[in-house]
Amino acid sequence: MSTKYGKDNTRPRPASNGVELTKAPAIFLKAYSPAESESRILKLWEKSGFANPDVCIEKGVTKPDAETYSIVLPPPNVTGTLHMGHAAMLAIQDILIRYHRMRGFKTLWLPGTDHAAIATQSVVEKTLHKEEKKTRHDLGREEFLKRVEQFAKKSHDTIVSQVRAMGASVDWTREAYTLDEARNLAVRTAFKKMYDAGLIYRGNRIVNWDPRMQTTVSDDEIEHVEQKDTFYYFKYGPFEIGTVRPETKFGDKYVVMHPDDERYKKYKHGQKLELEWINGPITATIIKDEAADMAIGSGVMTITPAHSSIDFEIAQRHGLEIEQIIDTNGKLLSIAGEFAGLHIKKTRSLVVEKLKQKGLIAKVEEDYVHNVAINSRGGEVIEPQIKLQWFVAVNKKFTIPYSEIPDILSGSETTLKKLMRVSVESGATKIVPDRFEKVYYNWIDNLRDWCISRQIWYGHRVPVWYCLGCKHHSVDAEVKSKWFLVRHGETEANIKEITQGHQNSQLTPAGIAQAEAAGEKLKNQDIELIISSDLGRCKETAEIISKATGAEVIYDEALRERFMGAAEGFSYEENRKKYNPFKEYDDKTAANLETIRELEERISKAFEKHRKNHGLKNVVIVSHGTAIRWLLKRIENLTFDEASARPTIQNAGVISMDILKSACEKCGNDLFEQDPDTLDTWFSSGLWTFSTLGWPNKTRDLETYHPTSVLETGYDILFFWIARMILMSGFLLGTVPFRNVYLHGLVRDDKGRKMSKSLGNIIDPLTMIEKYGADAARLSLIVGASPGNDVRLSEDRVRGYKHFANKVWNISRFVLENSNTQGPTSGESEVGPLNAEDKKLVEETLAIAKTVSEHIEKFRLDLAADAIYHFVWHRFADEIIKESKPILKEGGEAAESRRHTLYSILDTSLRLLHPFMPFVTEAIWQELPNRKQYLLMVAKWPYAKAIGTRQ
RNA sequence: GCGCGCUUAGCUCAGUGGUAGAGCAUUGUCUUGACGUGACAAGGGCCGGGGGUUCGAUUCCCUUAGCGCGCACCA
């Protein structure tokens, strides 16, 4: 970069007799500085409110009856910060949005973030372990969730500032979060509707279990990773069976072969064989099933139905016994004999050693390459388990109440799978590029029932309540109020195991701390009333909780502990010897002793009374250990023995229960406990296109903007998300969620590798924006990025487009220097008297407008950007301006005409460039002498004809 | 195994039934009243191989190789 003038652009400008030579605003004397302009322009846009279509109508920018154009932003996960993929997504959508807004559409771009359940929880758990050496169980559900919320909030704020920095003209007034109250209502409603239609069921099925995170994981969240292991062939009676996982083979008592396999013709289906196995002799049964592949190994295999989905299917087909071998922590169960209790990871070599000693190893193959399933959100190896979970039935027939989807009639019988297929097949939703439609069908056809329950804490609780009286579950998800039973904190007598009864004992310091912890837990539960036993230890506990929750306390003698008569004040042991007062329901042994039956009646009556009086409030009942135990017997409909067997309630332990809108349909009880599981994050994201618009309420937004015009995202998310949105919208609204799906490629590094922390090849969008400006960052992700193809990004590329921004700046300076300040604007006032040559130039510019428009409508933003880039730089600057110089110098009518022309071309160019590089164009626009609109953001697009977008 | 994509200039990629284009990179020249974050100019490609359709193929069809991706399986 060595030139006579250096790179700092300090070439002396000619003085020219001290006359001010430029008519252009002084701001143009400096080179374009994105950092300086961008924050100023951003404020201008945000102050205007034009990202909100209602404001556009109000201010007359958009006609009230204009066509709508809507996009819901794929919500970034609150797991961290935005990467280049997000930047690409924002750039593409902002181009579509700005284009349509300028075209006069009622344009909505709705932003939000995704709680990303398992991913977010996983991140927080990892940090917790790293920094405090704690697990989520050490903190407890409430405290842990608080930490997750803090983390999510921080992530959210970072994401918002990044979205703003990109210049994305989203409507922040409508921002949504997948885990906020409005979305929770949508989730509960969706769940209920699907449950009522029989499409959600609870079942014992084989699921993907992550032993580390202690949760199920859906099929789509699994990643197969290649791994090298030793492959063993074992002698299994007369057969040879191969496996990489000897440690799972303890329970294998079925040996499977293909019915057509000539080698094993003499064995009959169901035939029994005695043979020697890992822990001694077993009886094996021959199973003939076509799942056995004759070509693999010996063609014979044994099965482990409880821990393999294929084996599970075989076992189900033949009605075989299914026995669990591995527990949910990854440890072997008693069936493993001497190996029981060991972790499977540690067992393999031991089992192999034992089989070797027994002479049961036929041969060993080293370096066998196979795929292992891991949880893509956490990284642990998946162990299939049979578990009771909630599922969405994708193949079950149901009657769809209402449908606008072509080929699916309202009231007709269909399946969710069919709904998903037809939505695309019929063309109601069009996928661009269309090759992904094939990929979509392929996925749909292989789809199995979708396991939606997770055992993690961060997410929407499964909206199912179990009746405390009879365990029957209920999905009538309207909670009237929450009630909590709390035992008092620790007392001196508790430590010494002394019977307290009606004694007025006080809390120990530890007991006070326990009560404070309970208060902390209850703090965010909107507690309205605390009802407490009037004995000192409860009173004290209640007051502490009152302080934390702000709720009023009332006292009730009827909530006191069992009256122990003469037994009070003596140790448990002495009392057991003397009276044995805890064993019998109607025990009256000690003088004046209250029987358990009497206690149960007294406290239940008090509880019923309070529930009747305060059933609509959120209430905490503070009482005593024995009292609560026998109250729970009544509530949970237990027998005396069951209640006796219940473990002691901890000091200051909190038991929560919900009161639903309607009582249990089976037993009439009205106290419930919510399912502790949470829903797969995709269950809530599936509702995104309409939950963000207010569903299940019938809002005007929903009516106006749904189905959305286009769903724009990376192709890697086609199955996870797009298919599920089509499913949810189809079932719940009877429409497709969007008319178009536009899939962009992934952003890779300049060598085509994925950007990752470990490779150290991450290009951070914010850094690029700071160095080269948001416009440059945007263009680098658009030009040369054809639909569905990956983009290779390098810093050089971004730098190149910064040069272009500066070019546009300097073109503007030249035109403004040479135009009269009353210059007209194209399309909105007469262009002035132009000669024939100049008219041609103006027409040429408008032809570019047409080209750019057409490319945008076909989602060829790469070509659109390239077209306008090329025109502005190589036609307008290099040729038209260059040729204009002598004409302008000449003066006269030709010069006058040309001045108008240049101004007109600049005006049109700025409009055409604006969706692609909004900041620099807006900054220039603000300096134009005769701009008709306040902001270029809402200026009229220079090409008006509809070109056949699918709206 | 099933399916999809890519292969065009040194690099990254567009594109078209009439034997090719951009950006970046390279080289040279330039005080030229918008811009050196620039201008002008130059070099550079038998459009992966083979076959077919066609007057004519980089483009359409078949085949083959290499690379990449998705899904399924993995005893």
Side-chain angles (χ1 to χ4, degrees), chain A residues 1-14 16 21-22 24 28-29 31-32 219-220 224 226 231-234 236 239-245 249 252 255-257 291-293 295-304 308 310-311 368-373 433 435-439 441-443 445-446 715-716 718-719 745-746 748 750-752 772 776 779-780 783-786 788-794 796-797 799-818 860 862-863 866 869-870 873-874 877-878 881-882 884-885 888-889 902:
Chain A
M1 202 62 78
S2 69
T3 71
K4 205 175 291 184
Y5 301 109
K7 48 199 301 200
D8 55 350
N9 193 17
T10 51
R11 178 159 59 121
R13 299 180 67 83
S16 188
L21 283 170
T22 175
F28 285 106
L29 290 174
Y32 178 61
D219 290 348
D220 306 304
H224 294 275
E226 233 177 50
F231 195 87
Y232 302 93
Y233 287 94
F234 297 125
Y236 189 80
F239 308 108
E240 227 174 61
I241 57 156
T243 183
V244 279
R245 303 200 59 194
K249 295 290 165 198
D252 288 13
V255 52
V256 183
M257 58 203 66
D293 189 336
I296 297 177
S298 61
V300 176
M301 62 178 178
T302 61
I303 56 170
T304 315
S308 152
I310 295 292
D311 293 1
Y368 173 78
V369 179
H370 66 132
N371 288 330
V372 177
R435 65 187 154 90
F436 284 108
E437 291 189 0
K438 290 181 200 161
V439 183
Y441 295 138
N442 183 278
W443 183 80
D445 294 342
N446 290 317
Y715 63 74
D716 54 335
L718 179 62
F719 311 130
L746 310 183
R748 299 175 175 277
D750 57 343
K751 295 185 186 68
Y772 308 109
L779 273 181
S780 72
V783 181
S786 53
N789 291 329
D790 294 353
V791 194
R792 293 194 186 193
L793 187 75
S794 63
D796 271 348
R797 223 176 128 120
R799 190 183 300 119
Y801 291 108
K802 186 191 176 189
H803 298 173
F804 180 58
N806 191 55
K807 188 75 182 176
V808 175
W809 185 256
N810 283 304
I811 288 170
S812 307
R813 180 204 306 193
F814 176 82
V815 172
L816 292 181
E817 273 178 351
N818 289 287
R860 291 306 304 265
D862 55 326
L863 298 181
D866 194 63
Y869 177 99
H870 193 260
W873 197 318
H874 300 296
D878 290 351
I881 288 184
K882 190 184 171 197
S884 300
K885 284 176 184 172
L888 293 173
K889 211 170 181 184
L902 290 178

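Every chain is numbered from 1 and lettered A, B, ... according to where its sequence line falls, protein lines coming before strand lines. Both backbone and side-chain heavy atoms feed into the values below; hydrogens, waters and symmetry mates do not.
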For B:rA57, the Watson-Crick or wobble partner whose two distances fall under 3.5 Å | none

Where do A:R860 and A:S786 come nearest, in terms of heavy atoms and distance?
-> NH2-CB, 3.7 Å

Residue closer to the 5' end of RNA chain B, A:V791 versus A:W873 (nearest nucleotide) | A:V791

So, for A:Y869 and A:Y801, is the gap between ring centers shorter than 6.0 Å?
-> yes

In whole Å, what separates the C1' atom of B:rG10 from that of B:rG70?
-> 32 Å

Where do N or O atoms of nucleotides 72-75 of chain B meet protein N or O atoms at under 3.5 Å, pair by pair?
{"from": "B:rC73", "atom 1": "N4", "to": "A:N371", "atom 2": "ND2", "distance (Å)": "2.7"}
{"from": "B:rC74", "atom 1": "O2'", "to": "A:Y368", "atom 2": "OH", "distance (Å)": "2.7"}
{"from": "B:rA75", "atom 1": "O3'", "to": "A:G242", "atom 2": "O", "distance (Å)": "2.9"}
{"from": "B:rA75", "atom 1": "O3'", "to": "A:T243", "atom 2": "N", "distance (Å)": "3.3"}
{"from": "B:rA75", "atom 1": "O2'", "to": "A:G242", "atom 2": "N", "distance (Å)": "3.2"}
{"from": "B:rA75", "atom 1": "O2'", "to": "A:G242", "atom 2": "O", "distance (Å)": "2.2"}
{"from": "B:rA75", "atom 1": "N6", "to": "A:D293", "atom 2": "N", "distance (Å)": "2.9"}
{"from": "B:rA75", "atom 1": "N1", "to": "A:D293", "atom 2": "N", "distance (Å)": "2.8"}
{"from": "B:rA75", "atom 1": "N1", "to": "A:D293", "atom 2": "O", "distance (Å)": "3.3"}

Complementary nucleotide of B:rC73, counting Watson-Crick and G-U pairs under 3.5 Å | none

Could you give the distance separating B:rC6 and B:rC13 at their C1' atoms, to the nearest angstrom?
-> 12 Å

For A:D796, enumerate each residue passing the salt bridge (charged side-chain N to carboxylate O under 4.0 Å, His left out) test, keeping only those at least two apart in sequence or located in another chain.
-> A:R799

Distance between the C1' atoms of B:rU31 and B:rG15, in whole angstroms?
-> 40 Å

Under 4.0 angstrom, heavy atoms only, what part of the nucleic acid is A:R797 near: base, sugar-phosphate, or nothing?
-> sugar-phosphate

A:D878 and A:H874: which non-hydrogen atoms are nearest, and at how many Å?
-> OD2-ND1, 3.0 Å

On RNA chain B, check which nucleotide each of A:R860 and A:A877 is closest to and give me the residue with the more 5' one.
-> A:R860

Rounded to the Å, how far apart are A:D716 CG and B:rC71 P?
-> 11 Å

What distance, rounded to whole Å, do you find between the two C1' atoms, one in B:rC69 and one in B:rG28?
-> 44 Å

What is the distance from OH of A:Y869 to P of B:rG23, rounded to the nearest Å?
-> 7 Å

Describe the nucleic acid contact of A:S298 in one word from base, sugar-phosphate, nothing, applying a heavy-atom distance below 4.0 Å.
-> nothing

B:rG23 P sits how many Å from A:K802 NZ, rounded?
-> 20 Å

Using distance alone, with no hydrogens and no angle criterion, decide if A:Y715 and A:D790 have a side-chain donor and acceptor under 3.5 Å apart.
-> yes

Using Watson-Crick geometry (N1-N3 plus N6-O4 or O6-N4) or G-U wobble (N1-O2, O6-N3), each under 3.5 Å, B:rC46 is paired with none

Considering only heavy side-chain atoms of A:R435, the closest of B:rA22, B:rG5, B:rA34 is B:rG5

Cation-aromatic face contact A:K885/A:F814, 6.0 Å, 45 degrees = yes

Given the P atoms of B:rC46 and B:rG21, what is the spacing between them in whole Å?
-> 15 Å

Taking all atoms of both residues into account, what is the closest heavy-atom pair of A:V791 and A:A785, and its distance?
-> CG2-CB, 3.6 Å

Would you state whether a donor and an acceptor, one from the side chain of A:K438 and one from the base of B:rC4, lie under 3.5 Å apart?
-> no

Answer whether the closest heavy-atom distance between the side chains of A:L902 and A:S884 falls below 4.5 Å.
-> yes

Please assess A:V372 against A:H224 for the test side-chain contact (heavy atoms from CB on, under 4.5 Å), listing each intermediate value before the final yes or no.
-> CA-CA 5 Å; A:V372 177; A:H224 294 275; over 6 Å; no

Between B:rA39 (P) and A:K807 (NZ): distance, integer Å | 4 Å

Please determine, for B:rU27, whether a Watson-Crick or G-U wobble partner exists with both distances under 3.5 Å, and give it or none.
-> B:rA41

In whole angstroms, how far is the P atom of B:rG36 from the CH2 atom of A:W809?
-> 15 Å

Residue matched to B:rA65 through Watson-Crick or wobble contacts both under 3.5 angstrom | B:rU7

By the Watson-Crick or G-U definition, both distances under 3.5 Å, B:rG21 is matched with B:rC13

Just how far, in rounded Å, is P of B:rU12 from CG of A:D866?
-> 18 Å

In whole Å, what is the span from the CG atom of A:L746 to the P atom of B:rG68?
-> 16 Å

P atoms of B:rA41 and B:rC61, separation to the nearest Å | 39 Å

B:rC73 and B:rU58: how far apart are their C1' atoms, nearest whole angstrom?
-> 39 Å

P gap between B:rC11 and B:rG17, integer Å | 27 Å

Show me the protein contacts with nucleotides 40-44 of chain B, counting only N or O atoms at under 3.5 Å.
none

Separation of B:rC11 atom C1' from A:R792 atom CZ, nearest Å, is 9 Å

